[in-house]
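I have placed the structure first, in the form of structure tokens, so that the comments after it can refer back to it.
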Number of protein chains: 2
Amino acid sequence: MEKIPLYEQIKEALLGRLASDHWRPGELLPSEPKLAEEFDVSQGTIRRALDDLVSQGLLVRHQGRGTAVTEHTPFGFFHLFRGDGARELPQSKTLRISSNQASRTERDSLELASGKQVIRILRVRYLNLEPKIFETISVSSDLFPGLVKMSARDLPNTVYRFYEQEFGVPIVGKRERLRAATATKSEARYLHVEVGTPLLEIECVAYSHRTQPIEWRISRCLTDEHYYCNPPESA
Amino acid sequence: MEKIPLYEQIKEALLGRLASDHWRPGELLPSEPKLAEEFDVSQGTIRRALDDLVSQGLLVRHQGRGTAVTEHTPFGFFHLFRGDGARELPQSKTLRISSNQASRTERDSLELASGKQVIRILRVRYLNLEPKIFETISVSSDLFPGLVKMSARDLPNTVYRFYEQEFGVPIVGKRERLRAATATKSEARYLHVEVGTPLLEIECVAYSHRTQPIEWRISRCLTDEHYYCNPPESA
DNA sequence: AATAATAATTCTTATATAAGACTTAAGATA
DNA sequence: TATCTTAAGTCTTATATAAGAATTATTATT
């Protein structure tokens with residue numbers, strides 16, 4: 001059997017703890033010397049494993065303080081920027097939360113079995129108080145028991161933090177596919193534009209640890225005053 | 001004065017050699033022990049510097065062989081994928097090469113002084129033999145002497161490799177900004193679609209080492225059969 | 001109780017050595 | 001001359017120690 005490097009094994013072990021909510025976001029991990037003792041390896045090997053998790057965005061190092069689990073900032077994973085490069089935190093108005101039989105696309109994107117239910121969320125997002133994005137979000141009913149009964153008004157703006165704090169489901173990455181589209185009648189109404197206005201369509205699958213798909217999302221964005229950029233230019 | 005770590009100084013030195021074409025793409029660098037001897041540091045310090053350049057995509061490691069300067073694959077930096085995730089190498093037809101006074105946007109994007117000339121290239125790109133992208137490329141006349149006199153027919157498909165091989169100007173990174181647009185009369189004609197068809201607009205600045213802007217490009221893409229994705233999903 | 005100094009802890013940078021895995025070069029053999 | 005074996009080179013993984021920089025905890029002083 002192929003021999004797996006020690007640092008890879010340690011990465012997997014730490015990844016398992018991250019996935020099972022062993023540590024909360026912001027919480028400090030045991031120190032490098034302590035981990036070296038626990039796993040019976042050298043500190044250099046621990047360093048190598050931790051460095052890899054840092055470069056994946058899962059951990060953050062603080063010299064003199066320790067290694068912490070990454071906390072999501074409100075901007076995390078939001079890739080629209082104002083024309084001058086500034087970031088604006090989008091606001092949200094949830095229009096509807098409903099339970100539906102998963103469509104073919106939802107099943108494929110979320111890796112769901114046939115017959116499964118999804119929870120669908122429709123919402124408009126605002127940049128600088130103006131409606132700029134029309135969003136459809138789908139998640140597996142099984143992962144979020146009780147979510148469908150929530151009032152639309154109560155769904156918070158930052159749903160990734162909500163998944164993590166209320167359901168223990170952390171989002172650690174996403175995959176986006178972009179296309180050009182034009183506003184339908186319904187989108188035109190919500191976004192205060194004319195039918196046929198160009199919209200940037202962002203199809204997004206969000207993942208937890210070990211790349212399990214958690215959420216499928218379609219965002220249709222006005223780009224008259226904003227642009228999409230990934231990675232961010234400050235990165 | 002702030003003390004710069006040794007490995008950062010070595011990175012800068014190697015970056016300088018990469019920028020001045022000291023090594024050609026594909027060429028092997030001196031081995032780690034040799035570099036350690038040259039810079040009078042430990043191999044671990046050399047390793048740290050090289051690893052950083054590898055993660056920036058500038059170098060590639062070959063176990064048992066050596067460290068080489070990254071060669072651009074034809075797909076490098078091309079972020080459109082077919083609907084099923086496959087990659088298709090775009091073909092090109094250059095429509096025109098001309099010399100013009102730089103516009104305000106060209107000056108800003110390429111960091112040119114007032115009064116400078118740019119070379120403008122118009123071309124259509126094909127995916128699976130169908131016109132899918134209408135492109136406008138601008139570069140500084142000063143960096144590419146003689147380019148304006150080239151026949152449009154002779155401009156190769158992979159212009160980044162062309163810049164590097166014919167002018168010694170390597171492209172090592174780019175910054176893209178995406179927006180939604182609709183086809184103008186001219187674009188509709190070249191792309192064989194109707195006016196108003198949604199197009200994905202990719203505004204791109206391509207850089208050499210030390211983030212000097214080399215090329216400003218606007219690509220207007222049909223996304224009926226393709227999508228944009230960065231980083232690529234296989235990454 | 002508040003503040004300052006000291007000590008202990010953390011990660012970061014840097015050194016060193018060595019075995020393993022992979023590739024290439026040199027020498028031996030047919 | 002061609003092929004095989006061995007040696008030498010490369011990067012990768014892993015060990016170890018130690019000083020520097022930053023943060024936190026403890027102790028001493030006011």
Side-chain angles (χ1 to χ4, degrees), chain A residues 1-18 22-71 73 235, chain B residues 1-18 22-71 73 235:
Chain A
M1 174 151 99
E2 197 175 339
K3 191 178 174 190
I4 297 174
L6 281 175
Y7 79 89
E8 292 277 8
Q9 298 178 41
I10 293 161
K11 268 169 68 182
E12 279 303 308
L14 296 176
L15 211 45
R17 294 184 195 180
L18 286 167
H22 188 92
W23 300 298
R24 310 293 285 179
E27 189 174 344
L28 291 178
L29 272 63
S31 68
E32 284 183 11
K34 284 201 170 66
L35 288 170
E37 188 179 11
E38 178 193 335
F39 287 97
D40 194 30
V41 297
S42 84
Q43 194 170 332
T45 304
I46 293 296
R47 167 111 16 103
R48 177 61 201 266
L50 293 176
D51 281 350
D52 281 5
L53 295 174
V54 165
S55 66
Q56 286 173 30
L58 301 178
L59 300 179
V60 58
R61 308 282 235 157
H62 298 285
Q63 180 174 350
R65 181 163 173 268
T67 306
V69 181
T70 302
E71 290 177 282
T73 67
Chain B
M1 172 151 101
E2 198 175 340
K3 192 177 173 190
I4 298 174
L6 281 175
Y7 77 89
E8 292 275 9
Q9 298 179 40
I10 294 163
K11 268 170 68 183
E12 279 303 308
L14 295 177
L15 213 46
R17 294 184 195 180
L18 287 167
H22 188 92
W23 300 296
R24 312 294 283 179
E27 188 174 344
L28 292 179
L29 271 62
S31 68
E32 285 185 8
K34 283 204 173 61
L35 288 171
E37 189 178 10
E38 178 192 336
F39 288 97
D40 193 31
V41 295
S42 86
Q43 193 169 333
T45 304
I46 294 294
R47 168 117 8 106
R48 175 63 200 266
L50 292 177
D51 281 350
D52 281 3
L53 295 174
V54 166
S55 67
Q56 285 174 30
L58 301 177
L59 299 179
V60 58
R61 306 286 237 157
H62 298 284
Q63 180 174 351
R65 182 164 172 268
T67 306
V69 181
T70 301
E71 289 177 283
T73 66

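Per chain, numbering begins at 1; letters A, B, ... match sequence-line order.
Residues L14(A) and L58(A) are not in side-chain contact: their nearest non-hydrogen atoms beyond the backbone lie 4.5 Å or more apart.
Listed in residue order, the members of residues 49-70 of chain B having a heavy atom less than 4.0 Å from DNA chain C are Q63(B), G64(B), R65(B). The stretch residues 25-42 of chain B touches DNA chain D through S31(B), E32(B), P33(B), K34(B), each having a heavy atom under 4.0 angstrom from the strand.
The side chain to side chain donor-acceptor pair (under 3.5 Å) search around E38(B) returns R17(B), not counting sequence neighbours. Evaluation of the side chain to side chain donor-acceptor pair (under 3.5 Å) rule for T67(A) yields R61(A) as partners, not counting sequence neighbours. Partners of T45(B) according to the side-chain contact (heavy atoms from CB on, under 4.5 Å) rule, which considers only residues two or more places apart in sequence or in another chain, are L6(B), Y7(B), I10(B), V41(B), S42(B). Residues satisfying the salt bridge (charged side-chain N to carboxylate O under 4.0 Å, His left out) criterion with E27(B), sequence neighbours excluded, are absent altogether. Scored by the salt bridge (charged side-chain N to carboxylate O under 4.0 Å, His left out) test, E8(B) finds K11(B) as partners (sequence neighbours excluded). Applying the salt bridge (charged side-chain N to carboxylate O under 4.0 Å, His left out) rule to E37(A) yields no partners; only residues at least two apart in sequence or on another chain are considered. Judged as a side chain to side chain donor-acceptor pair (under 3.5 Å), and not counting sequence neighbours, T70(B) has no contacts. For Q63(A), there are no side chain to side chain donor-acceptor pair (under 3.5 Å) partners two or more places apart in sequence or in a different chain.
Contact footprint of chain B on DNA chain C: nucleotides with an atom under 4.0 Å from a non-hydrogen protein atom, first to last in 5' to 3' order, dT13(C) to dT24(C).
E32(B) contributes no side-chain N or O that, together with a main-chain N or O of R47(B), makes up a donor-acceptor pair within less than 3.5 Å.
Heavy atoms of R48(A) sit under 4.0 angstrom from primed sugar atoms or phosphate atoms, though from no base atom.
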